[in-house]
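Only one structure is covered here, and it is reproduced in the block below.
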Amino acid sequence: MKILLIEDDRETARYLEKAFFEAGHTADITFDGDTGFNYAQNGQYDVLIVDRMLPKRDGLSVIMELRARGIETPVLILSALGQVDDRVTGLRAGGDDYLTKPYAFSELLARIEVLQRRKGPKETDTVYRVGDLVLDRLSHTAKRDNKDIILQPREFRLLEYLMRHAGQVVTRTMLLENVWDYHFDPQTNVIDVHISRLRSKIEKDFASPLLHTIRGAGYMLKAGN
Amino acid sequence: MNRFTNLTRTTAFRLTALYMLLFGIVAAGLTVYMTRLSLTMLTDQTQVSLHEELRSIESAYLHGSIPLLVKTIDRRSRQPGAFLYLVADPEGHILAGNVANIDSTLLADEGMKNPFTYFRYGETGNHSEHKAIAAVINLPNNMKLLVGRDLGEPQRFSNIIREALGIALAAMAFGAFLIWFFIGRRALLRIDKVSQASQRLMDGDLSGRLPVSGSGDEFDRLSSNLNIMLDRIEELNSGLRQVSDNIAHDLKTPLTRLRNRAEEALSGKKKVNDYRNALNEVITESDQLIRTFNAILMISRIEASRSLEHLEPMNARLIVDDVVELYEPMAEESGVRLTSGEIFSVELKLNRELFAQSLFNLIDNAIKYAAHEGGNPRVTVSMEDTDKDVLIIVSDNGPGIPEEDRERATERFVRLDKSRTRPGFGIGLSLAKAVMKLHGGHLILEDAHPGLRAILAFPKANGSDQENR
């Protein structure tokens, strides 16, 4: 994946560049809004990571300008601001996701990988498949190896989200955001318990594990090894 | 000198000076006008009396010819404050009267004469020159009769008026000067005190206050307002200090722990797996640090934001149900029975995220403390509609918080005892408190006999109206 990072703190930018490289991605880094805007406009990037406070041109206006020119590359906004409605402002400006500093790299990585929206099924697909697990979004049913799995509505949405991002790490915060629609850090293992319930339903009577715990990051639904 | 220059720079001085100038101009005009007026009046009066006197003397002449005329004039001349009299023959020789010398042209025609100089009978020298006005008539045998009036009296009168006005003006000027001096000096002294006090404040001693004399005047009002502002600044300042102390305290412990873990991992001979585990621990610890830090920032921001911003009316029930549902598996896992009591639909003006997070924290705490206690742990979430408030209540049968500690429990980062060293506890309650303040409500902690009842109280005034129960 090719990432453009617009971040004025050089040390953070270099660290992220290296970390992304180690995670198998390439990242171009720019340190101010103008340069960042030019890069974003001309290069072919899968994801943009834009800091809100930038020299020369602030992050939100960079995003708005890009969107105005029809550039629809997914954008993740990084912000040290944390006002109650900051996230809303950022998303209205055309951002696709929002992360407040300080953050864990694993959280950032998980989020941009999900933003990329390449792997896994499309949002318009009505049936998701991961290995022998099949989820039908229209009939609200799930089957594994042709055996029905009975899910609560929330468990269904949880599985749906995990399957849409199969093969990608999803963090607890991402789950709380996308399944429950609350945008804060759960801080406790409340999500883990939901996961372990779901896991027991989709794995208990079957041979291979599907729902993997990624230490220090979150979870990943993946078939096979 | 400098002091005097300062004094002349005061508003009081400028106003006084301006006032004095205006007053002087008006007073001078008034003096001139009054003098003129009184002179005219006196002159008119004199003319009338001159004519009367002329008639009366003329009639004496007509009745008794010259001897009676001379006799009358002699008699009248000797009276105090007498008129001036003069009888002359057609050639201008003085026949009788009390005027020694006179310009003979005056006698040429009949009528009123303008003020002229004359000498009194028996007086010589320039110093006894007098001014007078007079009227002249021709007697039947072509003799001239002059009756005049000395102008000394009206002159004196107008002098007196002028003098009196002058004295009054001087007195007023002096008074104005005194008033300016005292008021200006007093104002200057007060301002000096305020300046000194603010100098101390600027030097960093925020505990100082501006002097208030107690008279309730404009200086006092200004000082009181500034003092209130200073109170607020000091409060914010100490709040800030408190926060930074707390941040330092709250982050120091996990940072030290983090460092120790890394150091321990480096010491001795270890296998790759040990390093891996150590690093994982370090990451977990760092994540916790980041969470704590975010929570601190968030509470600070909530506290700093103006209340009732970002609030939208919504059904509180949906959020309560959501959070209970979210926590049910965890409660069950922890062996805690999480139940919903009476829950009803009610529209409240809410910040969905913050309200949910507060409730989330309260339930999280309740489950953990109830579970900690053993026995038959349970947590109940319910709603209550009182006259004033809509209450959302989370009660547990855990150890509760002793009454004397409840106030302190909502302060940031306070953990009440060793059994509550779990991270997040203090932050959860202080977040709920800050959030409730943002909503214009409050967080209440009560004894649940046993356990803790944490209540989020939303005032009804903030646009709530109940729907179906």
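Labels below follow one simple rule: chain letters A, B, ... track the order of the sequence lines, proteins then strands, and each chain is numbered from 1.
When every heavy atom of B/Leu326 is checked against every heavy atom of A/Val190, the shortest pair comes out as O-CG2, 3.3 Å. Nearest heavy atoms, B/Arg352 versus A/Trp180: NH2-O, 3.7 Å.
In this structure, the portions of A/Asp181 lying under 4.5 Å from any heavy atom of chain B include both its backbone and its side chain. Interface residue B/Tyr327: backbone and side-chain heavy atoms are both found under 4.5 Å from chain A. With a 4.5 angstrom heavy-atom cutoff, B/Ile367 does not touch chain A via any of its atoms. For B/Glu333, the part sitting under 4.5 Å from any heavy atom of chain A is the side chain, from C-beta outward, and nothing else.
Put simply, the side chain of A/Tyr182 reaches to within 4.5 Å of the side chain of B/Asp322, judged on heavy atoms. Within the 4.5 Å cutoff, the side chain of B/Gln357 has no heavy atoms near those of the A/His183 side chain.
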- request: Just do the salt bridge (charged side-chain N to carboxylate O under 4.0 Å, His left out) check on B/Glu328 and A/Arg154 with the steps written out, would you?
  value: CA-CA 12 Å; B/Glu328 248 158 13; A/Arg154 192 74 72 177; over 6 Å; no
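Residue A/Glu11 places its CD atom among 12 or fewer non-hydrogen atoms of other residues, nucleotides or ligands, all under 6.0 Å distant. The neighbour count for A/Phe21 CZ, taken as heavy atoms of other residues, nucleotides or ligands under 6.0 Å away, does not exceed 12.
Here the straight-line distance linking atom CD of B/Glu325 with atom CD of A/Gln152 works out to 8.5 Å at 0.5 Å rounding.
Listed by chain and residue number, A/His140 satisfy the ring pair (Phe, Tyr, Trp, His ring centres under 6.0 Å) test with A/Phe156 (two or more places apart in sequence, or in another chain).
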